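Some notes on the structure that comes next.
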2 protein chains.
Amino acid sequence: MTEPSLRLDDQVCFALYAASRAVTGFYRPVLDKLGLTYPQYLVLLALWENGACPVKDLGAALQLDYGTLSPLLKRLEKAGLVRRERRRDDERSVLVTVTEEGAALRERALELPPAIGAAMGLEDAEFDQLRSLLRKLTTSVAEHSG
Amino acid sequence: MTEPSLRLDDQVCFALYAASRAVTGFYRPVLDKLGLTYPQYLVLLALWENGACPVKDLGAALQLDYGTLSPLLKRLEKAGLVRRERRRDDERSVLVTVTEEGAALRERALELPPAIGAAMGLEDAEFDQLRSLLRKLTTSVAEHSG
DNA sequence: GGCGATCAGATCGCGGGCGAGCTAAACGTG
DNA sequence: CACGTTTAGCTCGCCCGCGATCTGATCGCC
């Protein structure tokens with residue numbers, strides 16, 4: 001019965017934290033040219049994919065709450081990339097729509113995934129493996145958080 | 001030649017971002033009981049392991065800059081877990097030392113890795129695989145950021 | 001010894017994340 | 001219809017992360 005390790009480099013949680021920040025750090029200079037931050041980019045990914053969608057659904061897709069999304073969306077709106085309007089049929093809900101300008105950004109964003117893919121230095125198999133392990137981890141941890 | 005995917009769920013970067021936040025979210029209630037935030041916990045991990053160490057080395061171990069570490073260490077000091085003192089032999093450098101109280105926290109922290117390990121729901125092999133993929137990813141991305 | 005370069009660290013500003021507390025709209029049940 | 005409950009969203013405060021800028025201390029080199 002050995003004592004559990006508290007070595008920093010043994011912790012998957014630290015590896016995760018470091019990797020996540022390294023990747024967003026890699027995106028930063030590229031996204032700067034598009035005038036976006038990393039979370040803003042993720043929001044646009046969700047919107048490009050789904051067309052318009054209410055704030056609630058964005059939160060579900062990105063696992064972010066209103067405290068994060070509300071100010072972020074306001075900044076995207078101020079930048080002219082997004083519109084926010086109350087639904088007529090349910091005044092509680094706010095529908096977020098991509099503007100022309102926001103849609104145009106999508107073309108320039110297409111170069112991002114290949115660039116990051118190359119920088120990651122993983123084989124295709126490792127890439128898929130990593131993604132599926134991360135998904136499994138996320139859902140499992142979420143279940144244990146209830 | 002297909003267009004690169006911009007689907008949110010295809011992006012490893014998003015899987016990473018979501019997993020990292022899910023894990024720190026899982027730690028939060030447990031660390032709350034110790035009066036710690038997640039980055040503070042990581043700093044203590046590094047200090048428990050190395051004994052005292054200058055701010056610069058902490059930054060290297062955690063990949064964090066002074067803008068993050070300086071205020072964080074001040075908060076840890078105010079909480080009585082850590083001491084900060086200028087070195088006599090090099091007045092530029094600040095040595096960070098764990099106090100008795102900080103050292104005592106280590107015992108209570110020993111229960112964390114098993115708990116998170118269980119919540120992750122990964123086999124031992126997957127666990128090691130994930131960690132090594134994350135490390136590989138981190139170093140590779142860091143190299144491509146120069 | 002003097003002086004520019006480098007280095008350790010602090011500070012500030014901004015944009016996340018997130019919990020807590022708030023408003024207003026819609027719903028549900030009598 | 002009235003009234004409590006749920007729901008969507010906002011705001012605020014605190015703590016990261018990080019770029020930029022500042023201060024002092026040390027080093028290198030003449």
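Owing to the predicted nature of the structure, the values given are computational and were not obtained by experimental measurement. Below, read A as the first sequence line, B as the second, and so on, with proteins coming before strands; counting in each chain starts at 1.
- The shortest side-chain heavy-atom distance between B:Arg135 and B:Thr139 does not fall under the 4.5 Å cut-off.
- Atom P of nucleotide D:dA20 and atom CZ of A:Arg28 are separated by 11 Å, given to the nearest angstrom.
- Under the salt bridge (charged side-chain N to carboxylate O under 4.0 Å, His left out) criterion, B:Asp128 pairs with B:Arg131, not counting sequence neighbours.
- Looking at heavy-atom distances under 4.0 Å, A:Arg84 makes contact with sugar-phosphate atoms alone, never a base.
- Taking atom CG on B:Leu62 and atom P on D:dC18, their separation rounds to 11 Å, with Å as the unit.
- As a whole-Å value, the separation of B:Leu95 CG from C:dA10 P is 12 Å.
- In plain terms, the two heavy atoms of A:Pro113 and B:Leu6 that are nearest each other are CG-CD2, 3.7 Å.
- Note: A:Tyr17 and B:Tyr38 have perpendicular aromatic rings, judged against thresholds of 30 and 60 degrees for the angle between ring planes.
- Closest non-hydrogen pair, B:Gly80 versus B:Thr99, comes out as O-OG1, 2.6 Å.
- When the salt bridge (charged side-chain N to carboxylate O under 4.0 Å, His left out) test is applied to B:Glu77, the partners found at least two apart in sequence or on another chain are B:Arg84.
- Listed by first and then second residue, the salt bridge (Lys or Arg N to Asp or Glu O under 4.0 Å) pairs involving residues 12-33 of chain A amount to none (not counting sequence neighbours).
- Between C:dT11, D:dA25, D:dG19, one nucleotide has an atom nearer to the side chain of B:Asp65 than all others, and that is D:dG19.
- One can place CZ of B:Arg21 at 17 Å from P of D:dC16, the figure rounded to the nearest angstrom.
- Between the P atom of D:dC15 and the CG atom of B:Leu73 lies a distance of 14 Å, rounded to the nearest Å.
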Kindly give the atom pairs (protein nitrogen or oxygen, nucleotide nitrogen or oxygen) under 3.5 Å for nucleotides 4-8 of chain C.
unit_1, atom_1, unit_2, atom_2, d
C:dA8, OP2, B:Lys56, NZ, 3.4
C:dA8, O3', B:Arg92, O, 3.4

Can you check nucleotides 14-16 of chain C for protein contacts, nitrogen or oxygen pairs under 3.5 Å, and list what you find?
unit_1, atom_1, unit_2, atom_2, d
C:dG16, OP1, A:Thr37, OG1, 2.7
C:dG16, OP2, A:Gln40, NE2, 2.7
C:dG16, OP2, A:Arg75, NE, 2.7
C:dG16, OP2, A:Arg75, NH2, 3.1
C:dG16, O5', A:Arg75, NH2, 2.8

Step-by-step salt bridge (charged side-chain N to carboxylate O under 4.0 Å, His left out) determination, A:Glu49 to B:Arg7: CA-CA 6 Å; A:Glu49 189 175 335; B:Arg7 263 176 47 82; 3.0 Å; yes

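- The side chain of A:Ser70 lies closest to D:dT11, out of D:dT26, D:dG19, D:dT11.
- Computed from coordinates, the B:Leu69 CG to D:dC18 C1' distance equals 11 Å when rounded to whole Å.
- One interatomic measurement links the two molecules: NZ of B:Lys74 to C1' of D:dC14, which rounds to 16 Å at whole-angstrom precision.
- With sequence neighbours excluded, the residues that form a side-chain hydrogen bond (donor to acceptor under 3.5 Å, both in side chains) with B:Asp90 are B:Arg92.
- One interatomic measurement links the two molecules: CD of A:Gln63 to C1' of C:dG17, which rounds to 13 Å at whole-angstrom precision.
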